[in-house]
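When a ligand or atom number is given, it counts from 1 through the structure's own listing order.
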Amino acid sequence: MSQINFLQKVRIDRAQIDTLFPSLKKRGYSLIGPKISDGAIIYDYLDSIEELPIGWTDEQEAGTYRIKQRGDQALFGYSLGPHSWKKFLFPARKKVWQGQKTSDGNFKTIQEIATQSQRFAFIGVRACELHAIHIQDQVFMNKQYQDAEYTHKRTDNFIVAVNCGQAGKTCFCSSLNTGPKVSQGYDLVLTEIIDDATHYFVVESGSERGLEVLHELSFESVSNSDLEAVERCIENAIGQMSRAIDTTDIKEFLYRNYDNKRWQELEKRCLTCANCTMVCPTCFCSKVEDTTDLTGDYAERWQTWDSCFTMDFSYIHGGSVRVSTQSRYRQWLVHKLASWIDQFGTSGCVGCGRCITWCPVGIDLTEEVKALRLAEWEAINGKS
Ligand code: SF4
Ligand code: SF4
């Protein structure tokens, strides 16, 4: 099989995947993908396929995460770790300016901070994560306000996506139609199939440059049983999802429940640690801070991620407007699931489940939405 077309599926042996990395590297991409570090599967720079978490998976529950061996040699046999791709497109901390005081008492820029111009190839991007990237595109690349560095990085960003063959216990993308099947925004999408005798990938290109890379690998035609294996893989992931969000009327429901008594319950449990916003692939808030050296002659300006869970986030003249824990949790949840729709036309949640796994006290937004709905029902109908 020498020539394939756009969106045509082909079969590639596990060994052939090794040639994918050099093929991307020679095009000038920095490769970013999953690797094991500090007991978790994180995203970092990769040099070779061997750095992938081969044979490892993760176990997750509310407030719980651990990795363990799978018993096979799967390359992508885990669900999601604490990192998201925003770490590379929208760094957690970056210097935006530095300056020196001049004899007239003003500051002048002593060094322009160059826009990071790396071309990233992201390896192993899941369906929900692609939706999250597209949500952040709307924030950082809209017509009115553009983040130059983000725009630059996204303009030539090669995406190797992976259909999920297993879901984490905290995943709920199927209830938000954001996964587990990859449907948009990829250059190549892989489905990893492992059975008793074989280990291979079904691969499809989603762009001309994806097709170009695919032509450099050695591939075969797919059979009906390969295509059935892909469907089984995705069905398996859907079947493993035990969580869901009922999005019926969600915006109007949350807007009319500003005084729902369930918010008081969160006052007792939430630590306002901001973990949920740090791990969320769609949260985009940042702050800018200026610092000087002891002489006051040298200054730097840094941009860092911020969170609506901090008191400072809503500080205006005279103090913070969200002093209580419940008001901050409510702000986060209502923005994520309701006012985001008014702002950007989509939900701000893609169902990745990270905020559930990485909340130290196991607060679960799917459970909170259920509890808010029940509390509203009881307020109207009386407690049953
Ligand atoms: S919901 Fe959980 S992760 Fe988020 S701020 Fe509260 S305690 Fe921290
Ligand atoms: S709100 Fe939670 S489940 Fe939704 S996208 Fe953010 S981290 Fe993932």
Side-chain angles (χ1 to χ4, degrees), residues 43 58 60-65 79-87 90 125-139 164 167-180 241-247 250 254 262-285 305-314 322-341 343-344 346-372:
Y43 295 146
D58 49 32
Q60 305 190 37
E61 245 312 337
T64 303
Y65 175 95
S79 52
L80 293 169
H83 287 181
S84 67
W85 308 97
K86 80 175 179 184
K87 180 183 163 195
F90 164 51
V125 184
R126 306 308 172 108
C128 65
E129 300 188 294
L130 269 172
H131 279 269
I133 291 172
H134 284 268
I135 286 172
Q136 288 215 324
D137 286 351
Q138 290 185 60
V139 177
C164 289
K169 285 222 176 89
T170 53
C171 296
F172 56 99
C173 62
S174 60
S175 65
L176 292 168
N177 293 322
T178 53
M241 276 181 228
S242 54
R243 286 176 161 84
I245 274 198
D246 174 7
T247 53
I250 189 87
L254 286 170
R262 181 70 186 184
W263 301 122
Q264 294 161 24
E265 177 62 28
L266 285 150
E267 181 80 25
K268 298 177 209 153
R269 292 157 58 219
C270 175
L271 310 173
T272 65
C273 66
N275 265 16
C276 47
T277 50
M278 298 296 110
V279 294
C280 180
T282 66
C283 278
F284 58 83
C285 288
W305 289 354
D306 201 358
S307 169
C308 49
F309 280 92
T310 70
M311 284 277 272
D312 281 353
F313 185 82
S314 66
R322 291 189 207 107
V323 287
S324 68
T325 295
Q326 62 175 297
S327 66
R328 279 176 263 157
Y329 187 88
R330 180 178 58 209
Q331 157 64 26
W332 177 72
L333 193 74
V334 174
H335 185 214
K336 194 90 352 206
L337 298 176
S339 48
W340 206 294
I341 298 171
Q343 233 181 330
F344 302 111
T346 66
S347 171
C349 176
V350 296
C352 73
R354 287 184 178 92
C355 58
I356 305 170
T357 299
W358 296 94
C359 172
V361 290
I363 294 174
D364 173 347
L365 80 168
T366 67
E367 290 299 322
E368 292 314 317
V369 169
K370 276 185 213 151
L372 283 159

K.L.:
Please could you name the atoms of ligand 1 that Leu271 approaches to less than 4.0 Å, counting only its heavy atoms?
P.N.:
6 (Fe), 7 (S)
K.L.:
Measure the spacing between OG1 of Thr247 and CG of Leu176 and express it to the nearest 0.5 Å.
P.N.:
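Result: 6.5 Å between the selected atoms.
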K.L.:
How far is atom 8 (Fe) of ligand 1 from its nearest protein heavy atom, and which residue and atom is that?
P.N.:
Cys273 SG, 2.3 Å
K.L.:
Check the pair Trp263, Val334 against side chain to side chain contact (heavy atoms under 4.5 Å, CB included), reporting the backbone distance first and the verdict last.
P.N.:
CA-CA 11 Å; Trp263 301 122; Val334 174; 4.2 Å; yes
K.L.:
Above 12 or not: heavy atoms from other molecules or residues under 6.0 Å from NZ of Lys169?
P.N.:
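It does not: Lys169 NZ has 12 such atoms or fewer within range.
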K.L.:
Run the side chain to side chain contact (heavy atoms under 4.5 Å, CB included) test on Leu130 and Trp85 for me, step by step, so that the C-alpha distance in whole Å, both residues' side-chain angles and the decisive distance to 0.1 Å come before the verdict.
P.N.:
CA-CA 9 Å; Leu130 269 172; Trp85 308 97; over 6 Å; no
K.L.:
Who's closest to atom 3 (S) of ligand 1 heavy-atom-wise, of Gly63, Cys276, Cys308?
P.N.:
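Residue with the shortest heavy-atom distance to the ligand atom: Cys276.
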K.L.:
If you round to the nearest 0.5 Å, how far is SG of Cys276 from CD1 of Ile356?
P.N.:
11.0 Å
K.L.:
Just let me know how Tyr329 lines up against ligand 1, side chain, backbone, both or neither, with a heavy-atom cut-off below 4.0 Å.
P.N.:
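The part of Tyr329 near ligand 1 is the side chain, not the backbone.
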K.L.:
Looking only at heavy atoms of Trp332, does any of them come nearer than 4.0 Å to an atom of ligand 2?
P.N.:
yes
K.L.:
Could you name all protein N, O or S atoms found under 2.8 Å from atom 8 (Fe) of ligand 2?
P.N.:
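Sorted hits: Cys352 SG.
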K.L.:
What distance do Cys352 atom SG and His131 atom NE2 have between them, rounded to the nearest 0.5 Å?
P.N.:
12.5 Å
K.L.:
What atoms of ligand 2 come within less than 4.0 Å of a heavy atom belonging to Phe172?
P.N.:
3 (S)
K.L.:
Within the 4.0 Å heavy-atom shell around Thr272, which atoms of ligand 1 are there?
P.N.:
5 (S), 6 (Fe)
K.L.:
Run the numbers for me: atoms of ligand 1, each under 4.0 Å from some heavy atom of Cys270, listed by number.
P.N.:
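With Cys270 as reference, the close atoms of ligand 1 come out as 1 (S), 5 (S), 6 (Fe), 7 (S).
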K.L.:
Report the nearest protein non-hydrogen atom to atom 2 (Fe) of ligand 1: residue, atom name, distance rounded to 0.1 Å.
P.N.:
Cys359 SG, 2.3 Å
K.L.:
Drop me the distance from Lys86's NZ to Trp305's CH2, to the nearest 0.5 angstrom.
P.N.:
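One gets 4.5 Å once the value is rounded to the nearest 0.5 Å.
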K.L.:
Do Thr310 and Ser307 meet the criterion of a side-chain donor-acceptor pair at a distance under 3.5 Å?
P.N.:
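Thr310 vs Ser307: no donor-acceptor pair found between side chains.
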K.L.:
Once you round to the nearest 0.5 Å, how far does CZ of Arg328 lie from CG of Leu333?
P.N.:
15.5 Å
K.L.:
What protein heavy atom lies closest to atom 1 (S) of ligand 2? Include the residue and the distance to one decimal.
P.N.:
Lys336 CD, 3.4 Å
K.L.:
Does the plane of the ring in Phe284 sit parallel, tilted or perpendicular to the ring in Phe344? Use 30° and 60° as the thresholds.
P.N.:
perpendicular
K.L.:
Could Glu61 and Arg243 be called an ion pair, given the rule that one side-chain N must be under 4.0 Å from one carboxylate O?
P.N.:
yes
